[in-house]
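Only one structure is covered here, and it is reproduced in the block below.
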Amino acid sequence: METETATPWLTDAEQCAWRTHLEVNRLLTHQLEKDLQPFGLTMNDYEILVNLSESADLRMRMSDLASATMQSKSRLSHQITRMENAGLVRRENCESDRRGLYAVLTEDGLATMRKVAPHHVASVRRHFIDLVSPEALEELHKALTPIADHLRGR
């Protein structure tokens, strides 16, 4: 007969913290998405634009971009196709690896990034940064860093 180990249920305080985290994550993501809609972008689009705009030569290997944005290669490929159709990015072959492809930020993509970034930062400030004291923000960073490190496998 198999013995069942006791589940360490969350305390009331743990449950409250967990559920508040989930709610804030959903609400904040929804609000940031809503604030990007007038520009015709999703959060995933914006994240891709940020990664490409911060990379050398405004390009990344598709496999690296998939890892950076935590998307499957298939999902990223579909998204890049949409963004190509909008003129924000283009694909280029990788000369050193015939199977490899780069996602490259176009001039229109860079112009879009420059136009949208100030609005996105203002949205992040309005709905997150400005609502938390600098001390609490530092504590939040300290609290979340070990979780991020654990989930990244460090």
Side-chain angles (χ1 to χ4, degrees), residues 7-92 101-154:
T7 301
W9 297 108
L10 300 180
T11 65
D12 288 344
E14 291 168 339
Q15 184 75 265
C16 182
W18 174 243
R19 288 187 178 181
T20 300
H21 161 73
L22 291 176
E23 182 180 23
V24 166
N25 185 44
R26 282 191 304 270
L27 290 168
L28 184 58
T29 299
H30 176 76
Q31 184 62 55
L32 295 176
E33 285 270 0
K34 187 175 164 186
D35 290 349
L36 286 171
Q37 282 177 352
F39 302 100
L41 297 175
T42 65
M43 282 293 292
N44 285 336
D45 295 334
Y46 187 78
E47 185 178 14
I48 288 169
L49 293 176
V50 167
N51 275 277
L52 292 175
S53 72
E54 293 176 348
S55 65
D57 300 323
L58 305 177
R59 70 178 54 225
M60 288 180 75
R61 288 181 66 105
M62 290 285 285
S63 56
D64 293 337
L65 187 56
S67 294
T69 59
M70 296 181 61
Q71 294 186 49
S72 70
K73 290 178 186 177
S74 172
R75 180 167 186 224
L76 177 66
S77 181
H78 289 296
Q79 182 153 4
I80 291 296
T81 297
R82 265 191 334 91
M83 293 177 77
E84 272 183 307
N85 292 336
L88 300 172
V89 300
R90 69 176 181 275
R91 290 175 215 220
E92 289 183 359
L101 286 173
Y102 285 104
V104 182
L105 191 62
T106 64
E107 285 184 31
D108 285 347
L110 186 56
T112 297
M113 187 64 203
R114 288 181 176 145
K115 180 174 107 179
V116 175
H119 296 278
H120 180 68
V121 170
S123 179
V124 170
R125 284 196 164 285
R126 184 172 56 256
H127 302 298
F128 182 73
I129 299 296
D130 292 346
L131 301 175
V132 181
S133 72
E135 299 78 21
L137 203 55
E138 186 177 332
E139 287 301 315
L140 182 61
H141 179 258
K142 283 183 197 174
L144 295 178
T145 296
I147 299 167
D149 288 346
H150 166 77
L151 293 171
R152 281 191 216 105
R154 291 184 184 169

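Only a predicted model underlies this, so the values are computations on that prediction, with no experimental measurement involved. What you see below is based on every heavy atom in this structure, not just the backbone, and it leaves out hydrogens, waters and symmetry mates.
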>> If you compare all heavy atoms of Ser123 against all heavy atoms of Leu32, which two are closest, and at what distance to 0.1 Å?
In response: OG-CD2, 3.2 Å
>> Applying side chain to side chain donor-acceptor pair (under 3.5 Å), can you list everything that pairs with Glu138, at least two apart in sequence or on another chain?
In response: none
> By salt bridge (Lys or Arg N to Asp or Glu O under 4.0 Å), which residues pair with Asp149, not counting sequence neighbours?
Replying inline: Arg152, Arg154
>> More than 12 heavy atoms of other residues, nucleotides or ligands under 6.0 Å from CZ of Arg82: yes or no?
In response: yes
> How far does CD of Glu14 sit from CH2 of Trp9, to the nearest 0.5 angstrom?
Replying inline: 13.0 Å
> Which heavy atom in Ala68 sits nearest to a heavy atom in Glu47, and how many Å separate them?
Replying inline: O-OE2, 3.7 Å
>> Can you tell me how far apart CG (Leu144) and NE2 (His21) are? Round to the nearest 0.5 Å.
In response: 7.5 Å
> About how many Å separate CG of Leu49 and OG1 of Thr112, when rounded to the nearest 0.5 Å?
Replying inline: 7.0 Å
> Is a side-chain N or O of Thr81 found less than 3.5 angstrom from the main chain of Ser77, in a donor-acceptor match?
Replying inline: yes
> Where is the tightest heavy-atom contact between His120 and Tyr46, given as atom of each residue plus distance?
Replying inline: CD2-CE2, 3.2 Å
> Considering the options Leu41, Ile48, Thr42, which one meets the side chain to side chain contact (heavy atoms under 4.5 Å, CB included) requirement together with Met83?
Replying inline: Ile48
> Roughly how far, to the nearest 0.5 Å, is the CG atom of Leu27 from the NE2 atom of His30?
Replying inline: 8.0 Å
> Got a sec, which pairs hit salt bridge (charged side-chain N to carboxylate O under 4.0 Å, His left out) with one end in residues 19-40, sequence neighbours left out?
Replying inline: Asp35-Arg126
> Can you tell if the side chain of Met70 reaches within under 4.5 Å of the side chain of Arg75, non-hydrogen atoms only?
Replying inline: no
>> If I compare all heavy atoms of Leu88 with all of Asp108, which pair ends up nearest, and what's the gap?
In response: CD2-O, 4.2 Å
> Taking everything shown except Asn85 itself, do over 12 heavy atoms lie less than 6.0 Å from its CG?
Replying inline: yes
> Can you name the nearest heavy-atom pair linking Ser55 to Leu52, along with the distance?
Replying inline: OG-O, 2.8 Å
>> For Leu58 versus Ser53, what's the shortest heavy-atom pair and its separation?
In response: CD2-O, 3.7 Å
>> What's the separation between atom CD in Gln31 and atom CG in Leu36, rounded to the nearest 0.5 Å?
In response: 10.5 Å
> So how far is it from Tyr102 OH to Met60 CE, rounded to the nearest 0.5 Å?
Replying inline: 11.0 Å
